[in-house]
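Note sheet for the following structure.
Every chain is numbered from 1, with letters handed out A, B, ... down the list of sequences.
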Protein chains: 2
Amino acid sequence: MQRGTFQLMKSVNKSIILNKIRTCEPISRAQIAKETELTPPTVSSIVKELLEQGMVYEQKKATSMGGRRPTMLYINKTAYYLVGVDAGPETMNAIVTDLGGTILGRISYVLNTPITEASFLDVMKQSINEVVRLANVKMEEIMGIGVAMHGVVEVATGKSLYAPNLKLTDIPIKEALEQEFCVTVKVENDARAMALGEAWFGGHGDLGSMVTVNLGRGVGAGIVTDGKLFHGAKDIAGEIGHMTIDINGEICECGNHGCLQTFATGPAIVRRAQRKLAERGAEHSFKLTAESVFELAKAGNTLYVDVLEETGFAIGIGLTNVIHIVNPEKIVLGGGVMKSEEFLLPIIKKTVNNNALTEGAKNTEVKVTKLGKDATVLGAVALLLVEIFDSVLG
Amino acid sequence: MQRGTFQLMKSVNKSIILNKIRTCEPISRAQIAKETELTPPTVSSIVKELLEQGMVYEQKKATSMGGRRPTMLYINKTAYYLVGVDAGPETMNAIVTDLGGTILGRISYVLNTPITEASFLDVMKQSINEVVRLANVKMEEIMGIGVAMHGVVEVATGKSLYAPNLKLTDIPIKEALEQEFCVTVKVENDARAMALGEAWFGGHGDLGSMVTVNLGRGVGAGIVTDGKLFHGAKDIAGEIGHMTIDINGEICECGNHGCLQTFATGPAIVRRAQRKLAERGAEHSFKLTAESVFELAKAGNTLYVDVLEETGFAIGIGLTNVIHIVNPEKIVLGGGVMKSEEFLLPIIKKTVNNNALTEGAKNTEVKVTKLGKDATVLGAVALLLVEIFDSVLG
DNA sequence: GATATTTTTTTGCACTATTCAAATAAAACG
DNA sequence: CGTTTTATTTGAATAGTGCAAAAAAATATC
């Protein structure tokens, strides 16, 4: 239980100040005091500590407003560095960033499946070593490692409970990396990590709550409230891919009927296009992909436009369900499927607007991510940034 | 922004101690210190204050464990009294309770629709005055009023934005009652209030997160995490009644297809039974109600058993969707529909177990409320109890 | 029954970190 | 160049927890 101690008092204020600097940089002590309602001496003493720690640096402002020139404060982004790892089903991506999330180095490995637990962890360790070397950073300057792992993750222990594509269970990622590198290690599900990446780096300001949905080979979502991830009791909050929206619908790989995944993934789009073609007795002479469905729709072929509109409608239904349960301020969509944004987004928005119950729900902002492929691996880094900047514990 | 001040430090500890007494009553200062890891002097000084405020009282224990006899502490449940109001579509129920949630008086009014805003508020004021009188409590001893209002509620302002059955909009409930009675007033949606009532009075211990679903004429849910309600951005979190589970299904009153409400409300059960009867060309000579469907099913009539099993399956699907998004530790079901628990619960549990993805999700506890009709009005009272016992602000 | 032991609670002082008021610093303005 | 304004620091006051020891009140032991 978090008691009311002097440490709590101080760490709350430290957190407030650090975040104020981070979000309003450059900012003076006096401004911080005014805007946070902390007293000037409190701000001064905490800033002094932050300067000593090297987390923050000073710089005089050129002009003033008719008084002593304020000393502007900045986050010392290169005080420490962070490693983010995105361990997908087929590839392992790693980056090194500074505290501002600027990527200083990146590396990518292809995983050969099937793989043993030991060699999976070896690849991970090697990719971390390698990317740190490439970024020209000393291992001692690394403050922590964040891992976005596909499949089911137990956050508290940092274990991958079940990684379907690798056919591995109970991989002790956190334990292995902490032993190897002696730094903080955070492990999170990849969809949730992506959501955190979006919340921190997507340019959304200080949202109360936001849901990020990844529409790729599967569908996953992450719920971020007050800059922090919502996990749920067993770390599966946001698993919307297998949300039933069509109780009598197509059988999903999970065995249930009409999961959102039977509508809104790349393979699902291909399947639906093929089915439509078959219905019309048409043949397709080339191998159909989600990309080609998009291309054909752009070329004006109504069959493919219809497929994408059906997909958009289903996504809209799924999002409306999410809105009615979680009621976020904003929903951000990402993943390969959203490359067809041109066709999908209008109908998604229209569906949400038609189907949502209240004005507040209808007006939920729905956007497409601008972060691209880095969202997940940046999310892995953000797992650490949350600890550093938003911690009320340390 | 909540700063780190001495008040914060103290109120955190006060909250910890007050809650410890509440949940572990009777308990001595020494035990509190041991179990909360607060120091004995801190506990003593805060308890002294609580005694002075009258929130807590002392009593010596008869026996000891080989040392000074501990002074046991109790919450002084009759120090203050609370009013809870359940403003449903047709009736207005009000209760007075002590701080332990013991009901000291109750009253019920039938609302004549249509009704004007002024007379609606008058009935509410009158019911409060009347129930306080009935409970033999002085108005000055009332610490606050909690209102569970059906329809869409704006929590921050305490306004009822939209009350469908009364055909009223923008009723300033909080404002009106605070002006009249000069006490704290909290207004909340009735389904969410019910969820809070269940969390506080349902005997569930200290759950991290819990979802309570009310299956009556409509379907509504409330999400409670760490003893507090989750509202979402626009106060509609938990509106699962219009969750689409059958994209091509029956048209709902909201205009969409296949909402959970088209399966799992009393009227929906009746409709489905009638449809089944019509399919078989059968006639029902009496007016069918949800109760009679249950009775007929109990009597062994397979048609009605089928209807209830379909209903249970749909509820199971809906709950699985909720589990995959919010991932609560426990789901509690209430409302008139659950009178058919005998038929519904087994299939609901089976469906969740079959359809949920992970072990953790499958094992989500699903129970039926034991609180009965008082859940909502007790939830209205709990709105105030949260403030009193869990407040970190005052 | 006197003494030792144990347990509970309080007391007094130390410590931490904020708060308030005032001092200092440094620039702009006239 | 003095006055005003704004920024930051200093030092005493204050609030509240933490620690150690004392006091209180019971039981256990001889």
ask   = To the nearest angstrom, how far is B/Lys10 atom NZ from C/dT19 atom P?
value = 16 Å

note = Readout for nucleotides 20-30 of chain C: B = base within 4.0 Å of protein heavy atom, S = sugar-phosphate only, - = neither; 5' to 3' it is BB---BBBS--

remark   = Numerically ordered, the residues 46-59 of chain A set in heavy-atom contact under 4.0 Å with DNA chain C is A/Ile46

task = May I ask you to test the B/Met210-B/Val332 pair for a side-chain heavy-atom distance under 4.5 Å?
result = yes

query = Between B/Phe6 and A/Phe6, what is the ring plane arrangement, given parallel below 30°, perpendicular above 60°, and tilted in between?
reply = perpendicular

query = Can you list every pair that meets salt bridge (Lys or Arg N to Asp or Glu O under 4.0 Å) and has a residue in residues 62-81 of chain B, with sequence neighbours left out?
reply = B/Glu25-B/Lys77

ask   = Between C/dA17 atom P and A/Ile16 atom CD1, what is the distance in whole Å?
value = 15 Å

query = Are any of A/Ser45's side-chain N or O atoms less than 4.0 Å away from OP1 or OP2 of D/dT9?
reply = no

key: For A/Glu180, side chain to side chain donor-acceptor pair (under 3.5 Å) partners two or more places apart   = none

task = Could you tell me the separation between the SG atom of A/Cys24 and the NZ atom of A/Lys20, rounded to the nearest 0.5 Å?
result = 3.5 Å

inquiry  = For the residue pair B/His231 / B/Glu188, report whether a side-chain donor-acceptor contact shorter than 3.5 Å exists.
reply    = yes

task = Whole angstrom is fine here: how far is it from CE in B/Met72 over to P in C/dT8?
result = 9 Å

Rounded distance in Å - CG (A/Leu8) to P (C/dT18) = 11 Å

inquiry  = How many whole angstroms separate atom CZ of B/Phe6 from atom P of C/dT19?
reply    = 7 Å

inquiry  = How many whole angstroms separate atom CD of B/Glu37 from atom P of D/dG18?
reply    = 11 Å

task = Find the distance between CG (A/Leu207) and OG1 (A/Thr225) and round it off to the nearest 0.5 Å.
result = 11.5 Å

inquiry  = Applying side chain to side chain donor-acceptor pair (under 3.5 Å), can you list everything that pairs with B/Thr42, at least two apart in sequence or on another chain?
reply    = B/Thr39

ask   = Are A/Gln179 and A/Lys174 close enough that a side-chain donor and a side-chain acceptor fall under 3.5 Å?
value = no

query = In whole Å, what is the span from the NZ atom of B/Lys14 to the P atom of D/dT17?
reply = 10 Å

task = Respond yes when some side-chain nitrogen or oxygen of B/Thr42 is under 4.0 Å from OP1 or OP2 of D/dG16, and no when none is.
result = no

task = Take A/Asn189 and A/Arg192 through the side-chain hydrogen bond (donor to acceptor under 3.5 Å, both in side chains) test and state the conclusion after the steps.
result = CA-CA 5 Å; A/Asn189 164 269; A/Arg192 277 199 300 269; 4.7 Å; no

inquiry  = In whole Å, I'd like the distance from the CD atom of B/Gln7 to the C1' atom of C/dA17.
reply    = 13 Å

note = Checking D/dT8, D/dA15, D/dT17 against the side chain of A/Pro70 (C-beta onward), the nearest is D/dT8

task = Inspect the surroundings of NZ in B/Lys234 and state if more than 12 heavy atoms from other residues, nucleotides or ligands are less than 6.0 Å away.
result = no

task = List in numerical order all residues of residues 26-34 of chain A for which some heavy atom is under 4.0 Å away from an atom belonging to DNA chain C.
result = none

inquiry  = Can you tell me if A/Thr5 touches the phosphate of C/dT16, counting only side-chain N or O atoms and a distance under 4.0 Å to OP1 or OP2?
reply    = no

task = Consider the side chain of B/Asn13, meaning its heavy atoms from C-beta on, and name the nucleotide among D/dT9, C/dA17, D/dT17 that approaches it most closely.
result = D/dT17

key: Distance, nearest 0.5 Å, that separates OG of B/Ser11 from CG of B/Leu18   = 11.5 Å

